[in-house]
Amino acid sequence: MIEPQIPPNTGNIARLCAATETSLHLIEPLGFSLDDAELVRSSIHWWSEVDVWVHPGWRYFRDAVDRDRCYYFSAKAKRSVWDAEIPDGSCLVFGNEQTGMPDRILEKHPDRCFQIPMHGPVRNLNLATAVGIVLYDVLRKLGYNSAVGIPE
């Protein structure tokens, strides 16, 4: 997540990451402290189970994660996530709650930018909801159809 601003959203996304054994990359500056009570409350039982990476800025993230692994999600993207073919081991990148995905990324990587289709007057979704939709759709497409406690 690029410069997340709302602690409960990040906490809920951390919970999703724990549930799916997915790493969480946070790109600073953050709009909160990692000790923030709202963040902890949202993910208190799962925070220690999440592989959290905090990058001090965009350039540090880009140095740590191969560009070919990155796929970007924005309400401003032109392509539907339903049509995305995202390989295992990819990094799903989301903008923040206030400004979304930076335009420079949308312009530089249009073939790797996707949106969640929406009808009606709604233009965007809560960040944690959007991450959940995309993450589970990608996992479904990759064949992660069975889970502990769910019969096949």
Side-chain angles (χ1 to χ4, degrees), residues 1-55 58 61 64-65 68-102 105-106 109-152:
M1 292 178 5
I2 301 171
E3 302 176 5
Q5 302 296 306
I6 301 174
N9 277 339
T10 302
N12 286 323
I13 293 166
R15 186 185 303 200
L16 281 167
C17 290
T20 58
E21 296 181 333
T22 303
S23 296
L24 174 61
H25 291 261
L26 301 174
I27 302 167
E28 295 180 327
L30 308 179
F32 51 86
S33 161
L34 291 179
D35 297 326
D36 188 288
E38 291 181 73
L39 172 72
V40 173
R41 192 175 311 117
S42 300
S43 59
I44 192 163
H45 301 295
W46 302 278
W47 192 254
S48 64
E49 301 298 319
V50 180
D51 179 29
V52 180
W53 295 69
V54 180
H55 304 276
W58 178 253
F61 169 76
V65 178
D68 291 338
R69 290 183 51 215
C70 293
Y71 292 82
Y72 308 94
F73 299 89
S74 169
K76 297 182 279 184
K78 305 294 183 212
R79 300 174 65 198
S80 170
V81 68
W82 306 149
D83 299 328
E85 293 184 24
I86 299 172
D88 200 6
S90 295
C91 186
L92 312 178
V93 182
F94 293 82
N96 69 46
E97 301 90 341
Q98 293 176 351
T99 58
M101 184 65 62
I105 293 173
L106 295 170
H109 305 285
D111 59 322
R112 293 177 167 271
C113 295
F114 300 94
Q115 65 161 284
I116 298 168
M118 289 177 267
H119 303 283
V122 176
R123 293 187 323 236
N124 55 39
L125 298 172
N126 170 278
L127 181 58
T129 300
V131 171
I133 290 168
V134 171
L135 177 58
Y136 274 94
D137 184 58
V138 169
L139 291 173
R140 180 189 61 80
K141 288 177 181 175
L142 290 172
Y144 292 86
N145 290 325
S146 62
V148 175
I150 299 176
E152 292 191 35

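The chain is numbered in sequence order, starting from 1. Reckoned from all heavy atoms, side chains included, excluding hydrogens, waters and symmetry mates.
You'll find the side chain of Asn96 stays beyond 4.5 Å of the side chain of Ile2, heavy atoms only. Side-chain contact between Val81 and Pro117: present, with at least one pair of heavy atoms (C-beta onward) separated by less than 4.5 Å.
Between Lys141 and Asp137 there is a salt bridge, since at least one side-chain N of the basic residue sits less than 4.0 Å from a carboxylate O of the acidic one.
Using the six-membered ring where Trp is involved, Phe61 and His55 have ring planes that are perpendicular, over 60° apart on the 30 and 60° scheme.
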Intermediate values then yes/no, side-chain contact (heavy atoms from CB on, under 4.5 Å), Val52 and Leu26: CA-CA 7 Å; Val52 180; Leu26 301 174; 4.2 Å; yes

Start with the C-alpha distance between Phe73 and Val93, add both sets of side-chain angles, then the distance that settles side-chain contact (heavy atoms from CB on, under 4.5 Å), and finish with yes or no. CA-CA 6 Å; Phe73 299 89; Val93 182; 5.8 Å; no

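Nearest approach of Pro87 to Leu142, heavy atoms of both residues: C-CD2, 4.1 Å. Annotation for Thr20 and Thr22: closest pair OG1-OG1, 2.6 Å, computed over non-hydrogen atoms. Across Asn126 and Ala128, no two heavy atoms sit closer than the pair OD1-N, 2.8 Å. Considering all non-hydrogen atoms of both residues, Gln5 and Pro29 come closest at NE2-O, 4.3 Å. Of all heavy-atom pairs spanning Met101 and Tyr72, the tightest one is CE-CB, 3.9 Å. The minimum heavy-atom distance between Cys17 and Val50, with the atom names listed, is CB-CG1, 3.9 Å.
Remark: the backbone N or O of Asp111 is paired with a side-chain donor or acceptor of Arg79 at under 3.5 angstrom. Under the 3.5 Å distance criterion, the side-chain polar atoms of Thr129 are left unmatched by any main-chain donor or acceptor of Leu125. Checked by atom type and distance alone, the side chain of Arg69 pairs as donor or acceptor with a backbone atom of Gly89 at under 3.5 Å. Within the 3.5 Å criterion, the main-chain N or O of Met1 finds no donor-acceptor partner in the side chain of Glu3. A donor-acceptor pair is defined here as one N or O able to donate and one able to accept, closer than 3.5 Å; such a pair exists between the side chain of Arg112 and the backbone of Asp68. A distance-only check finds no donor-acceptor pair linking the side chain of Gln115 to the backbone of Ser74 [under 3.5 Å].
More than 12 heavy atoms of other residues, nucleotides or ligands shown are found within 6.0 angstrom of NZ on Lys76. More than 12 heavy-atom neighbours from other residues, nucleotides or ligands sit within 6.0 angstrom of CH2 on Trp82.
From Leu127, atom CG reaches atom CD of Gln98 across 11.5 Å, with rounding to the nearest 0.5 Å. With rounding to the nearest 0.5 Å, the separation of CH2 in Trp53 from CG in Leu24 is 12.0 Å. Taken from OG1 in Thr10 to CG in Leu30, the straight-line distance is 7.5 Å, to the nearest 0.5 Å. Note that CG of Leu135 is 6.5 Å distant from CG of Leu92, once rounded to the nearest 0.5 Å. In this structure, SG in Cys70 is found 8.5 Å from NE2 in His25, a value given to the nearest 0.5 Å. With rounding to the nearest 0.5 angstrom, the CZ atom of Phe114 is 7.0 Å from the OH atom of Tyr71.
One side chain, Asp88 or Tyr144, offers a donor N or O that lies under 3.5 Å from an acceptor on the other.
Residues meeting the side-chain hydrogen bond (donor to acceptor under 3.5 Å, both in side chains) test with Glu97, sequence neighbours left out: Asn9.
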